[in-house]
Amino acid sequence: MITLVIGGSAGGTVALRRFLPRLSSQFDGAIIVMSHLGPGGGDLLVNGLRNICGLPVRLAMEREPVERGVIHIAPEGYHLLIEYSRRFSYSVDERVSFSRPSIDVLFASAARVYRKELVGLVLSGANADGAEGLRIIRRLGGKALVQDPREAEMQAMPLAAVSHAGCDLCAPVATLADYINNDMD
Amino acid sequence: MTPDDASVDLEEIEIDLFIEAMLRRYGYDFRDYGRASLTRRVLNLTRRFGVRNISELTAQVLHTPQRLEEVISGLSVPVSEFFRDPLTFRALKTQVFPFLASFPQITIWQAGCAHGEEVYSLAILLTEAGLYPRCRIFATDMSQQALVEARKGIVPLGDIRQASSRYLESGGGRSLSQYFHARYDLAKFDEKLIENVTFARHNLATDGVFCEAHLVLCRNVMIYFNDQLQRRALQLFAETLVRSGFLCIGDRENLHVHADVPFEHADKTLPIYRLRRAVDAP
């Protein structure tokens, strides 16, 4: 069983809208999505994805369990971390590379908990968030997927991820979804 | 298991030992802090101290008590911002101030005040509501460094513009600039705002009730606690509050894991709770 953590920034929403609906509704791992959004963005993203995904979409709530077969969306304004009890915790610690939430913080904490049962995915974005987190995921035995920079609206984040962490598969999101559906479960 | 897996497992042991050292040497209890954030903060401290690993940090802490305050500061409530979550401040003003106004003397406890951003924010709104002269405010934190900073009330001028717009969204009735003096690139808040504020050390993990209050604010502090410590803090607040007193927490904090906490939502859309009236015995 795998857990999938996804990070995106500018252009990430478009990629998410292409990627998430392609996941099989039979997918029984947990999915955690973090995108850099403005105020109210977490709820907006939940509403935007709810009707197009086969899996249920919910905001990742403080202290609530990470649930299998659910797409959890990170709120804006807080770092999101995973506890060993496989529940979400929030933090308002200082921004990391100007970001809160920080994809690196989420990826690093998930990597410690899930180790080789974790898959990290970095999507379109205009900064380098997620690259260090993806490196830690790989170090601890997890897999790293990156959206093909040629497909991404903003290439900086996928490029930074590949150059800093390397990856197991760098491809358009449709291919990445097929990979998750066919090879991971 | 990969060597890197093993190194993370080793880190977990080192964090346990660090926690044990803090407890036995200085009485600071971090055992019931959420592990994910605590791990980040401890690892940040190793960088700040320029040591190679957590064990070296632990050794420094054990043998260099003069650096204890730095460690506590690194492990405590982070800096907030003025009028963070303006709608909550607006609700304090409209829904909680009328209750406060019904008492001749008002006591407020801000638990985990960090650098005082929320104490000053609240003091401003209380001043504008004409309630401040009747208020006694306890602003507590486990970090002495934080309390020193909070007393100073100095913030970078760059933070003020956004603070001003949040102040207005919070229902502030004047201009925020009336409350501070700018010098170079810093703003120092008016000391009148802390005339009725007592800054004191208090640790939610180990200390007890010290006052009777009409309002307790503890925003984004319990997010760093596990369920057990969260419950302890809530119990402390319940014992501190007068009947029907108010508790204000962070906008996205979750108290629902405890079915038995004696608080009820004052307004479902806001992080403002009310101490439930004692239920009469059957």
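Just so it is clear, the values below take in all heavy atoms, side chains as well, and ignore hydrogens, waters and symmetry mates. Naming: A, B, ... by sequence-line order, numbering from 1 per chain.
Few gaps surround CD on B:Glu56; more than 12 heavy atoms of other groups in view lie less than 6.0 Å from it. Surrounding CZ of B:Arg31 are at most 12 heavy atoms belonging to other residues, nucleotides or ligands under 6.0 Å away.
A:Val113 does not touch chain B: none of its heavy atoms, backbone or side chain, sits under 4.5 Å away. When heavy atoms are compared at a cutoff of 4.5 Å, B:Ser7 approaches chain A solely by way of its side chain, counted from C-beta outward. Only the side chain of B:Val257 comes within less than 4.5 Å of a heavy atom in chain A; its backbone stays farther off. Only the side chain of A:Ser89 has a heavy atom closer than 4.5 Å to any heavy atom of chain B. Neither the backbone nor the side chain of B:Leu255 comes within contact range of chain A, judged by heavy atoms closer than 4.5 Å.
Here NZ of A:Lys116 is found 7.5 Å from CG of B:Asp5. Values are rounded to the nearest 0.5 Å. Here A:Asp93 contributes atom CG and B:Ser37 contributes atom OG; the two are 5.5 Å apart, rounded to the nearest 0.5 Å. Taken from CG in B:Asp4 to CD1 in A:Ile136, the straight-line distance is 10.0 Å, to the nearest 0.5 Å.
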Determine, stepwise, if the pair A:Leu59 / B:Arg252 fulfils side chain to side chain contact (heavy atoms under 4.5 Å, CB included). CA-CA 11 Å; A:Leu59 208 62; B:Arg252 290 194 183 274; 3.2 Å; yes

Would A:Val92 and B:Ser80 count as a side chain to side chain contact (heavy atoms under 4.5 Å, CB included) if you check the C-alpha gap in whole Å, the side-chain angles of each, and the deciding distance to 0.1 Å? CA-CA 8 Å; A:Val92 288; B:Ser80 181; over 6 Å; no

Given B:Asp9 and A:Arg112, is the salt bridge (charged side-chain N to carboxylate O under 4.0 Å, His left out) satisfied, shown in steps? CA-CA 9 Å; B:Asp9 291 336; A:Arg112 292 177 86 91; over 6 Å; no

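Sorted by first and then second residue, the ring pair (Phe, Tyr, Trp, His ring centres under 6.0 Å) pairs with a member in residues 69-88 of chain B read B:Phe82-B:Phe189, B:Phe83-B:Phe89, B:Phe83-B:Tyr167; sequence neighbours excluded.
Residues A:Val96 and B:Arg40 are in side-chain contact: their nearest non-hydrogen atoms beyond the backbone lie under 4.5 Å apart. Within the 4.5 Å cutoff, the side chain of A:Glu94 has no heavy atoms near those of the B:Val79 side chain.
Between the side chain of B:Asn254 and the backbone N or O of A:Arg63 there is no donor-acceptor pair closer than 3.5 Å.
Near-neighbour residues of residues 223-231 of chain B relative to chain A, defined by a heavy atom under 4.5 Å from a heavy atom of that chain, comprise B:Ile223, B:Tyr224, B:Phe225, B:Asn226, B:Asp227, B:Gln230.
No donor-acceptor contact under 3.5 angstrom links the side chains of B:Glu253 and A:Tyr90, judged on distance only.
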